Amino acid sequence: MPTAPAASAAARVPTAERAYDLTKELIIGGQLPGGSLISEGEIAERTSLSRTPVREAFLRLQAEGLLQLFPKRGAVVVPVGPGEAEDVLELREALESSAVRRIARRAGPLTDLVSRLSGLIDVQREHAGRADVAGFAEADEAFHHAIVAASGNDLAERFYGTLRDRQRRMAVQLLQPQPGRLAPLIGEHTLLVERIADRDDAGFAGALRAHLDAHRGATGL
């Protein structure tokens with residue numbers, strides 16, 4: 001049960017924003033997979049809100065390409081299309097490889113970065129042990145984002161942040177049908193960290209390409 005301060009903070013968030021955040025999380029986290037038909041009434045009941053803020057939330061999510069609205073019928077969750085998935089993977093490969101090239105040229109030890117990334121792998125391992133795909137996907141996104149952030153390129157980091165929701169949604173969509181893929185991903189992430197620790201940016205680029213190619217194969221790209 002939320003504490004009084006937490007409940008008070010939630011109450012200060014506009015209802016339309018709360019409806020938007022909660023509905024979007026249901027989509028991104030995989031509770032509402034692509035192709036699902038949902039109604040304003042269903043989401044209003046789930047979120048304990050009236051239909052008006054839910055309607056506003058649906059309009060925002062349609063503008064973001066996550067929902068397609070059908071008057072008097074509800075809305076359909078838009079699936080992640082092969083074209084969108086390929087675009088995200090291509091941008092991730094470019095941004096992460098560029099980040100590690102910059103990191104590899106940096107003077108001084110990389111101990112803190114390696115420790116931070118290893119800690120995120122430990123979090124992934126905990127989620128994998130519980131077959132918690134949604135939690136793993138969130139930790140996976142944090143791992144890759146941390147690599148870009150460590151480059152010190154603020155523009156690249158901000159742009160990478162715009163891929164966050166798509167990246168996490170793709171991971172959930174990919175991994176939910178095959179949770180056995182979680183353990184191999186941890187091994188692939190461990191190899192990426194080893195390449196960073198060795199300042200082997202070319203080796204990192206090759207390992208990252210193989211890592212992302214596995215996603216391409218699983219999504220039929």
Side-chain angles (χ1 to χ4, degrees), residues 21-36 46 61 64 66 77-82 84-97 99-100 112-151 157 159-197 204-221:
D21 289 341
L22 291 167
T23 307
K24 186 172 184 177
E25 182 57 33
L26 289 172
I27 296 171
I28 299 298
Q31 294 97 319
L32 291 174
S36 299
R46 284 199 191 204
L61 293 167
E64 293 178 15
L66 292 174
V77 178
V78 178
V80 177
E84 178 184 347
E86 174 59 23
D87 289 348
V88 171
L89 293 173
E90 187 176 285
L91 288 170
R92 284 183 54 194
E93 183 175 351
L95 289 168
E96 292 180 48
S97 296
V100 173
D112 289 346
L113 173 59
V114 169
S115 177
R116 187 180 320 130
L117 294 173
S118 297
L120 289 168
I121 291 176
D122 288 340
V123 174
Q124 293 166 26
R125 191 173 286 112
E126 292 174 6
H127 287 300
R130 297 193 297 269
D132 177 5
V133 169
F136 186 95
E138 189 169 355
D140 172 81
E141 188 282 325
F143 173 85
H144 288 281
H145 193 182
I147 293 173
V148 177
S151 73
E157 182 184 0
F159 184 77
Y160 196 90
T162 66
L163 304 176
R164 175 173 296 173
D165 290 342
R166 289 183 171 86
Q167 180 178 339
R168 187 155 66 95
R169 188 183 181 207
M170 284 171 51
V172 170
Q173 180 173 300
L174 169 67
L175 296 171
Q176 275 183 338
Q178 46 178 345
R181 176 81 178 117
L182 299 181
L185 282 175
I186 291 171
E188 292 167 19
H189 287 166
T190 300
L191 178 60
L192 293 176
V193 175
E194 290 172 357
R195 295 291 180 264
I196 291 172
F204 175 91
L208 177 66
R209 185 171 302 112
H211 176 62
L212 298 179
D213 280 348
H215 289 331
R216 288 184 174 95
T219 53
L221 297 175

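Since we're looking at a predicted model, the values are computed, not measured.
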Spatial distance of atom [atom1] ([X]) from atom [atom2] ([Y]) [nearest 0.5 Å]:
X	Y	atom1	atom2	result
Y160	E96	OH	CD	3.5 Å
E138	R164	CD	CZ	9.0 Å
Q167	H144	CD	NE2	6.5 Å
T23	L32	OG1	CG	8.0 Å
I28	D21	CD1	CG	11.5 Å

- Query: Hey, does L175 have a side-chain heavy atom less than 4.5 Å from the side chain of D140?
  - Reply: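 The answer is no; the side chains never approach within 4.5 Å.
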
- Flag side-chain contact, heavy atom, 4.5 Å: L212 against R92: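 The answer is yes, as the side chains (C-beta and beyond) meet within the 4.5 Å cut-off.
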
- Query: Among pairs that include at least one residue of residues 165-180, which meet salt bridge (Lys or Arg N to Asp or Glu O under 4.0 Å), considering only residues two or more places apart or in two chains?
  - Reply: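 For residues 165-180, and leaving out neighbouring residues, the salt bridge (Lys or Arg N to Asp or Glu O under 4.0 Å) pairs sorted by first residue read K24-D165, E25-R168, E84-R166.
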
- Task: Just grab all the salt bridge (Lys or Arg N to Asp or Glu O under 4.0 Å) pairs involving residues 117-132, residues at least two apart or on different chains.
- Result: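 Only D122-R125 qualify under salt bridge (Lys or Arg N to Asp or Glu O under 4.0 Å).
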
- Of all heavy-atom pairs between P33 and S36, which one has the smallest distance, and what is that distance?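 Here P33 and S36 meet closest at O-OG, 2.7 Å.
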
- Can you name the closest pair of heavy atoms from V172 and G29 and give their distance?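 Distance-wise, the nearest heavy atoms are CG1-O, 3.6 Å.
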
- Task: For the pair V88 and M170, evaluate side chain to side chain contact (heavy atoms under 4.5 Å, CB included) and give the outcome as yes or no after the intermediate values.
- Result: CA-CA 9 Å; V88 171; M170 284 171 51; 3.8 Å; yes

- Give every residue pair that meets the ring-ring contact (aromatic ring centres under 6.0 Å, His included) criterion with at least one member in residues 123-143, sequence neighbours excluded.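 Listed by first then second residue: F143-H189.
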
Just distance, no hydrogens or angles: give the donor-acceptor pairs under 3.5 Å from side chains in residues 113-121, sequence neighbours left out.
{"residue": "S118", "atom": "OG", "partner": "V114", "partner atom": "O", "Å": "2.8"}

- All side-chain contact (heavy atoms from CB on, under 4.5 Å) counterparts of L91, not counting sequence neighbours: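 Only F159, L163 meet the side-chain contact (heavy atoms from CB on, under 4.5 Å) criterion with L91.
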
- Message: Under the rule for side-chain contact (heavy atoms from CB on, under 4.5 Å), what residues qualify as partners of A149, not counting sequence neighbours?
- Response: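 In terms of side-chain contact (heavy atoms from CB on, under 4.5 Å), with neighbours along the sequence ignored, A149 is linked to E157.
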
- Task: Show your reasoning for whether side chain to side chain contact (heavy atoms under 4.5 Å, CB included) applies to R195 and L191.
- Result: CA-CA 6 Å; R195 295 291 180 264; L191 178 60; 3.4 Å; yes

